[in-house]
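In what follows, chains are A, B, ... by sequence order, proteins preceding strands, each numbered from 1.
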Amino acid sequence: MADIDQAQNLARVYDPAVVEGEIYQRWLAADVFAPDGAGSRALPGAEPFVIIQPPPNVTGALHLGHAFTADIEDVMVRHARMHRRPTLWLPGLDHASIAAQVVLDRILDREGESRASLGRERYLERMWAFVNETRDTILRQSRRFGSSLDWGRLRFTMDEASARAVRTAFTRLYRDDLAYRTEALANWCVGCQTTVSDLEVVPTPEKGTLWTIRYHLLAADGRVDPERSIEIATTRPETLLGDVAVAVHPDDPRFAGLLGEHVLVPFVERVVPIITDPVVRPEFGTGAVKITPAHDGDDYATGRRHGLAMINVFDDLGRINENGDGFAGLDLAEARRRILAELDARGDLVAAVPHEMLIGRCQRSNDVIEPRLKTQWFIRTKPLAAKALAATRSGRTRIVPGHFEKVWEHWLTEIRDWNVSRQLWWGHRIPAWYCPDGHITVTDEPAGPAACQACGRAAAELRQDEDIFDTWFSSGLWPFSTLGWPDPTDDLARYYPGSVLETGSDIIFFWVARMMMLGIQLMAEPPFHTIYLHGMVNDPVGRKMSKTTGNVVDPLELIEGTGGDALRFTLINGTSPGNNQKFSQEKIDSARNFANKLWNAARFVLGARPATIPADRPREAPDAAQLGPAERWIRSRTAATAAVVDRAFSEHAYGEATRLLYDAVWSELCDWGLELAKVRLTDSALPSAVREATWWTLVEALDVDLRLLHPFLPFVTEAIWTAMPRGPEDPDLLIVADWPGPEVAARQDPAAEVEVDLLIELVRGIRNARSEAHLEPAAWLPVDLLAEPAIAGAVEALRPAIERLARARPLTVHRSPQSFESATESGGLTVIGPGVQAVVGRPANADEATGSATVALDRERLERELQVAQGLLEAARTRLANEAFTSRAPAAVVDGARARAEGLADQVQRLEERLRA
RNA sequence: GGGCGGUUAGCUCAGUUGGUCAGAGCGCCUCGUUUACACCGAGGAAGUCACUGGUUCGAGUCCAGUACCGCCCACCA
């Protein structure tokens with residue numbers, strides 16, 4: 001390469017730490033992340049692309065799942081940005097009310113403190129200190145992931161703007177009768193000392209006991225009838241203190257005679273009726289069930305239907321309250337033991353059998369959830385859910401992947417009202433004030449109401465609700481609370497509704513559904529057009545990553561080891577929307593190798609610049625007149641890659657896009673594009689115009705691949721871009737460069753693809769034959785070649801490439817079969833490809849023994865090929881002989897099959913001829 | 001009890017509208033220090049596409065059922 005300028009623009013060794021080091025800072029300095037940043041090249045008229053991300057909880061460092069989330073979002077945003085759309089990706093953090101308290105409580109416990117010991121005010125101070133720490137960690141991590149977030153808009157769900165949005169939203173919902181306060185059965189977590197929503201209750205299998213208890217009937221005189229009783233089955237005997245009825249199925253003949261009778265609930269000595277309700281399953285237990293409306297979901301519903309009293313028998317700490325008479329003050333477990341013992345002593349404990357059951361446990365603390373009556377604020381969800389359903393049904397909002405629409409439909413159809421009250425401290429206080437007369441005043445005024453709305457009592461006499469909102473209430477407002485709502489800001493007009501909501505499928509109900517419902521209600525429009533749901537990142541054997549299992553991976557450690565690009569590529573490559581993935585070191589190594597490959601390919605291209613082109617020459621298109629088949633081929637392949645990658649993007653098939661690009665860079669650009677180019681670049685006999693055209697072709701191909709890869713490998717592509725020749729339209733930074741457009745698609749060249757594919761087949765055939773014959777790979781061997789007239793021109797044009805890549809020298813191209821036959825009579829390795837055949841001569845230094853061994857190996861190989869070809873030919877002929885096929889299949893398919901059969905017949909014939917010789 | 005997803009080479013996974021669709025990466029085997037890259041190159045072995053039926057000229061690809069695995073929802077005391 002005497003006359004190739006060897007100046008190296010890129011470091012010799014790819015080192016992610018060095019490559020990625022400064023790049024994020026350069027993006028920040030250029031102000032390219034914000035839609036209206038100084039470095040933005042967004043076109044004024046272009047439709048904004050707004051992506052909505054789940055703001056991570058401020059409870060600790062980000063994990064691999066966050067990295068995955070950020071990765072997909074960044075890919076979408078970078079893609080849109082390169083289309084010169086104004087892109088808004090707003091960074092945020094969620095205060096994570098209950099999750100944060102659970103974490104902080106654990107920390108306090110280690111410090112010998114507790115919620116109670118600090119009190120509300122000091123506890124909240126401590127919380128702010130904690131979240132300020134984790135906040136810094138999280139933001140540092142995000143930058144290291146390469147996330148191109150608009151940092152100037154960082155928001156927190158506990159900042160004043162969010163607080164205002166929460167107050168306004170709640171006030172409007174209350175005004176519209178979509179928020180109400182009532183006493184109802186709620187899920188009480190004794191550990192967290194708060195109610196939680198139905199979604200936060202995790203049904204957990206447990207081995208319990210099913211006890212059969214005898215309740216005595218009352219005689220007509222109101223006394224216990226010694227002769228008659230009814231047996232009920234229960235898993236929670238302690239709740240009998242709150243029993244208000246015994247229910248049986250209306251059609252159960254066993255109890256037909258007992259209808260209208262009453263029984264005496266033991267200990268509390270309460271007289272309760274025997275009622276009938278279809279909810280009772282006759283085959284379960286004894287067929288009779290005690291009804292405790294204050295402590296069981298089923299019973300609550302039954303109680304409501306029958307107008308029964310609801311008697312709460314537990315207090316907040318999980319102890320029997322004053323309604324439990326003699327058991328008051330006992331914790332529930334102890335109360336159960338005592339009650340069972342006493343029933344047994346009375347002879348009323350009939351049976352106890354082991355029983356598999358589901359117990360509701362708290363998602364956060366794992367404590368048993370005790371259903372109990374509480375006065376809480378609820379959101380009336382039915383009307384809101386109907387609107388959300390209408391949005392997805394009409395296609396205004398689309399869910400990707402589509403199969404999630406079924407669960408979406410089901411959940412929103414069966415939705416129950418949302419309890420938004422939490423008896424916690426870390427969160428937004430409910431803006432409701434109560435006056436001594438029980439009137440409720442709800443207001444969005446930060447300082448509270450001036451007076452009671454109903455009776456005019458002064459503010460001083462009003463008391464604000466102690467409770468705070470479910471953390472998802474503020475997250476549910478995220479798509480607009482972050483844009484200035486309730487003020488009618490420019491941002492709101494411009495960026496609402498958003499384009500894509502991207503999140504994990506695990507919070508589809510917690511968050512996505514709530515955003516949809518609240519967004520449509522308060523903004524009159526669904527908050528986004530597309531809901532993109534990704535799967536979970538699991539460990540190499542498919543288990544969920546968790547601290548308790550000890551299989552969590554720190555994304556920053558991975559980045560330090562193999563780079564942010566490798567991590568990002570790994571998380572996307574080969575995954576599909578909604579599906580879980582197994583994460584492993586092998587995958588990340590493979591991605592790192594790919595980045596390395598790209599780096600070295602770029603190093604080669606940049607280093608192969610012909611000396612006739614000055615280093616600072618701006619990028620130019622290759623001279624079309626100087627392009628050979630190889631140049632036209634790589635241009636065509638790159639154009640094809642751009643097209644299929646575009647299609648993958650349009651289908652949100654990001655894992656498919658990376659696969660296509662991996663293949664395009666490695667198997668096409670590197671394996672053949674660069675190798676073919678070397679033939680011309682190193683041939684000093686060629687005119688410089690030819691070598692220049694070849695080089696510009698490589699620059700162009702690399703340029704397209706860099707642009708297509710940038711969303712997936714932002715750091716290494718940006719680093720390479722720095723050293724690339726750029727055209728007058730190209731910006732200094734790849735992040736704001738243009739995505740390949742129609743001018744690239746125009747480079748497709750089917751004829752060149754056919755020609756070069758043929759060359760590739762031939763070279764592979766020759767290499768294969770040499771390898772199987774155990775010939776020295778590096779040795780130059782004489783090759784005779786016969787091409788069909790139709791492709792003779794291409795073969796001649798590619799002759800230097802065939803020589804170099806097949807290590808064929810001298811390479812004799814025959815014009816006639818006769819000359820080919822006579823030249824190859826002495827034997828050799830035969831290669832038969834489509835439209836072309838070749839014979840590889842023996843090495844000059846081969847002795848007689850080696851020679852005959854080679855011939856034998858060649859025969860063996862040809863016979864094998866013949867066998868395969870014959871099999872395929874027979875199958876093809878059978879198919880064509882099938883009248884049903886030829887008459888019913890589309891003509892194109894039949895023609896294709898015919899052509900294939902002909903090709904096979906030809907191949908078989910030539911193989912047979914060769915073997916006969 | 002419902003619903004959803006999965007079952008394709010030793011491992012991890014792609015396979016769009018049924019017709020070269022039997023593929024990729026990793027791993028494995030054989031060669032190779034050819035001037036971008038050994039984080040590499042050349043070549044190779046390897047799958048009854050879970051099972052059973054059905055539709056079709058033709059089925060990993062559509063339909064029905066079965067078996068495992070995973071997830072979600074659910075008022076069985």
Donor-acceptor pair under 3.5 Å, A/Glu675 side chain vs B/A42 base: no
Each nucleotide N or O in nucleotides 28-30 of chain B that has a protein N or O under 3.5 Å away: list the pair and distance.
none

Touch class at under 4.0 angstrom, heavy-atom based, for A/Arg236 against every strand present: nothing
Touch class at under 4.0 angstrom, heavy-atom based, for A/Ala301 against every strand present: nothing
Centroid-centroid under 6.0 Å between A/Trp408 and A/Phe404 rings: no
Base partner of B/C39, which must satisfy Watson-Crick or wobble distances under 3.5 Å: none
A/Lys406 vs A/Asn596, nearer the 5' end of RNA chain B by closest nucleotide: A/Lys406
B/U16 base / A/Arg647 side chain donor-acceptor hit below 3.5 Å: yes
Gap in Å between the two C1' atoms, one belonging to B/U48 and one to B/U7, rounded: 15 Å
B/G43 versus B/C57 - spacing of their P atoms, nearest Å: 42 Å
Aromatic plane relationship, A/Phe569 with A/Phe594 - under 30° parallel, 30 to 60° tilted, over 60° perpendicular: tilted
Listed nucleotide nearest any side-chain atom of A/Phe509, set B/C73, B/A36, B/C26: B/C73
Residue mapping more 5' on RNA chain B - nearest nucleotide basis, A/Glu283 or A/Arg888: A/Arg888
Sugar-phosphate, base or nothing in reach of A/Tyr662, heavy atoms under 4.0 Å: sugar-phosphate
Sugar-phosphate only, base, or nothing, as touched by A/Ser576 at under 4.0 Å among non-hydrogen atoms: sugar-phosphate
A/Val280, nearest nucleotide to its side chain (from B/A74, B/C57, B/A77): B/A77
Syn/anti state for B/G15 [syn: chi within 90° of 0]: anti
Counter-base of B/G25, judged by Watson-Crick or G-U geometry with both distances under 3.5 Å: B/C11
